[in-house]
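Right, one structure below, let's go through it.
Whatever order the structure lists them in is the order used to number ligands and atoms, beginning at 1.
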Amino acid sequence: MDCSVLVIGAGVAGISAALHLADQGQAVTVVERDDFVGGHAVRLGCKAVDDCQRCNACLLPDRLHRFLNHPGISLLTRSQVLAITRAGRSFQARVQQRPAIIDPERCDDCGLCLEQCPAVEDGALRRPAWAEQRPTLAVDPAACLHFQDGRSSLCQEACPTQAIDFGRPDREMEIAARAVVLAGGFTPAPPDEKDRLGHGRVPNVIAALELEEMLRRSGRATRPSDGREPQRVAFVQCAGSRQRLSRNYCSRICCGYGLRLARGLTQRQGARATVFYMDLQSSGRDPDQFLAEAKRELELIRAMPGDVGPGPADTVWVEYQARSGQPPQRREFDLLVLNQGLAPNPDNPTFTEWLDLLPGQHGFLAEGPGVFVAGTAAGPMDVAESVLHAGRAAQAVMEFLEDKA
Ligand SMILES: Cc1cc2nc3c(=O)[nH]c(=O)nc-3n(C[C@H](O)[C@H](O)[C@H](O)COP(=O)(O)OP(=O)(O)OC[C@H]3O[C@@H](n4cnc5c(N)ncnc54)[C@H](O)[C@@H]3O)c2cc1C
């Protein structure tokens, strides 16, 4: 398979770069490892209150629609690059594609497989975050019982259109390209590496991405333990970021999304929100006004929790020291949200080695001859910045291709 540009990753950055390039007549192949496209941005919830908070969650759908229907873009989902090498002035990639276990041509989305699947709660069957995507259902082999020990084929037996087949083989292909765009994005920083903030240990302590997912699905925040709407919600900024030994950098975007999430819960659900922080980065088009509004609506406490534990009636207690020299204080909340940062994609070292790139800052990617980086693969940024960054990367690709011609 020949193309002019190979884009790796179909998050908002890969999608934006591919659209720029294809609009200018380039034949673009996009390799995405997931069943669905959109990356993390497609999972974000709208944070509008009385008016738009400019959280960027709505920047994706139009682009996704154009991307999925663009004649100049070939999309390979469920695919990963096995190797990529420079071949003279071009690149040669070996790509492996997992089979679609649910055939999108046959599936009529009746939902019987979901009813039968014993591991549906564990994510064995997934739906895309965005309804327009095809397929509308996909099997996750990591959670599906059939792939653990062959125990369950209940979905296959229930399927009235015989869309489900566990036996389809992988496919391998060679792709030649004149330039490569790395757009594999980020991985969410573990919110509680030191097991101090209660994630996974204390009920009703959740990571920010879990809250985003909740808001996207239902528009409301609820407590995982009992499904009730929380009245007192605390947020911890810089959870998993700015560690002395790992991720010793600021993820830049967490203050913006964290304060927007907190304001959203205050205004939409009437919750009282408290934000624990070290320092606050400016955010939005008018940062002073944004911060002034946040200070009016939220309780901002400049202290990081030292300890977190389970309280009565599934509450969460948070211990912190507001001023040095003072004894620690304890406060109770109904829900605690850990605002995690952005960590580099673990695949970055492999691409750096394959393509002989210089190491980027903090484990993110740097460019090399014919190799361009788009969005959070290059470092932490929000959706709007990722779109702009991808546009600039695509422009640089165009200049590179014209120079080579
Ligand atoms: C908790 C949280 C809340 C956020 N809230 C906001 C917000 O309110 N507003 C905002 O503007 N931003 C927000 N962001 C940031 C936003 O998610 C990012 O800016 C955006 O997702 C970056 O897009 P991307 O395409 O660079 O990366 P990603 O979204 O990470 O997409 C990368 C894509 O590449 C694919 N991929 C990765 N590796 C490979 C590989 N080796 N081969 C093939 N495919 C691969 C992935 O599957 C994915 O589809 C938030 C981030 C977090 C963590």
Side-chain angles (χ1 to χ4, degrees), residues 6-18 29-48 53-60 63-64 67 75-82 84 93 95-98 128-129 180-191 206-216 235 237 239-241 251-261 263-264 283-284 337-351 354 364-365 373-390 393:
L6 176 65
V7 176
I8 299 170
V12 70
I15 286 173
S16 303
T29 296
V30 181
V31 173
E32 165 58 53
R33 68 177 169 199
D34 199 9
D35 292 85
F36 307 119
V37 299
H40 292 96
V42 85
R43 294 166 57 194
L44 302 177
C46 166
K47 300 166 191 75
Q53 285 211 75
R54 297 208 172 90
C55 77
N56 306 318
C58 56
L59 289 184
L60 195 55
R63 285 179 174 79
L64 259 178
F67 173 77
L75 172 64
L76 297 168
T77 48
R78 305 180 306 281
S79 298
Q80 58 172 337
V81 177
L82 296 179
I84 182 163
V95 172
Q96 183 180 48
Q97 186 175 44
R98 285 187 286 114
V180 175
V181 177
L182 300 175
F186 68 96
T187 191
I206 61 172
L209 267 184
E210 296 171 74
L211 177 59
E212 292 276 1
E213 189 88 46
M214 238 186 247
L215 293 174
R216 186 184 58 75
F235 292 82
Q237 294 300 133
S241 285
S251 288
R252 293 181 52 245
I253 65 153
C254 320
C255 290
Y257 82 69
L259 294 181
R260 286 185 179 91
L261 282 171
R263 292 185 67 199
S283 172
V337 184
L338 307 180
N339 289 340
Q340 63 215 115
L342 276 57
N345 183 333
D347 296 343
N348 288 356
T350 309
F351 282 104
W354 281 341
F364 291 91
L365 287 168
V373 185
T376 53
M381 57 186 96
D382 69 12
V383 170
E385 289 173 300
S386 300
V387 170
L388 286 175
H389 191 263

Closest heavy-atom pair, Leu182 versus Ala377, reported as atoms and distance to 0.1 Å, is O-CB, 3.8 Å
By side-chain contact (heavy atoms from CB on, under 4.5 Å), Ala57 pairs with (sequence neighbours left out) Leu44, Cys55
Distances under 3.5 Å, N/O of ligand 1 against N/O of the protein: list each pair and its distance.
residue: ligand 1; atom: 5 (N); partner: Glu212; partner atom: OE2; Å: 3.3
residue: ligand 1; atom: 8 (O); partner: Lys47; partner atom: NZ; Å: 2.7
residue: ligand 1; atom: 9 (N); partner: Cys55; partner atom: O; Å: 2.6
residue: ligand 1; atom: 11 (O); partner: Cys55; partner atom: O; Å: 3.3
residue: ligand 1; atom: 11 (O); partner: Asn56; partner atom: ND2; Å: 2.7
residue: ligand 1; atom: 11 (O); partner: Val383; partner atom: N; Å: 2.9
residue: ligand 1; atom: 19 (O); partner: Met381; partner atom: O; Å: 2.7
residue: ligand 1; atom: 19 (O); partner: Asp382; partner atom: O; Å: 3.4
residue: ligand 1; atom: 19 (O); partner: Val383; partner atom: N; Å: 3.3
residue: ligand 1; atom: 21 (O); partner: Ala41; partner atom: N; Å: 3.4
residue: ligand 1; atom: 25 (O); partner: Val12; partner atom: N; Å: 3.1
residue: ligand 1; atom: 25 (O); partner: Ala13; partner atom: N; Å: 3.0
residue: ligand 1; atom: 26 (O); partner: Thr376; partner atom: N; Å: 2.9
residue: ligand 1; atom: 26 (O); partner: Thr376; partner atom: OG1; Å: 2.7
residue: ligand 1; atom: 27 (O); partner: Thr376; partner atom: OG1; Å: 3.1
residue: ligand 1; atom: 29 (O); partner: His40; partner atom: N; Å: 2.8
residue: ligand 1; atom: 29 (O); partner: His40; partner atom: ND1; Å: 3.4
residue: ligand 1; atom: 30 (O); partner: His40; partner atom: ND1; Å: 2.8
residue: ligand 1; atom: 30 (O); partner: Phe186; partner atom: N; Å: 3.3
residue: ligand 1; atom: 38 (N); partner: Arg33; partner atom: NH1; Å: 3.4
residue: ligand 1; atom: 38 (N); partner: Asn345; partner atom: ND2; Å: 3.0
residue: ligand 1; atom: 41 (N); partner: Asp347; partner atom: OD2; Å: 2.7
residue: ligand 1; atom: 44 (N); partner: Arg33; partner atom: N; Å: 3.2
residue: ligand 1; atom: 47 (O); partner: Glu32; partner atom: OE2; Å: 2.6
residue: ligand 1; atom: 49 (O); partner: Glu32; partner atom: OE1; Å: 2.7
residue: ligand 1; atom: 49 (O); partner: Glu32; partner atom: OE2; Å: 3.2

Heavy-atom side-chain contact between Lys47 and Glu212 under 4.5 Å: yes
Discussion item. Using side-chain heavy atoms (C-beta onward) and a distance below 4.5 Å, is Arg33 in contact with Arg78?
Written reply: no
Here the gap from Leu211 atom CG to Ile206 atom CD1, rounded to the nearest 0.5 Å, amounts to 4.5 Å
Taking atom CZ of Arg54 as the centre, report whether more than 12 heavy atoms of other residues, nucleotides or ligands fall under 6.0 Å from it. no
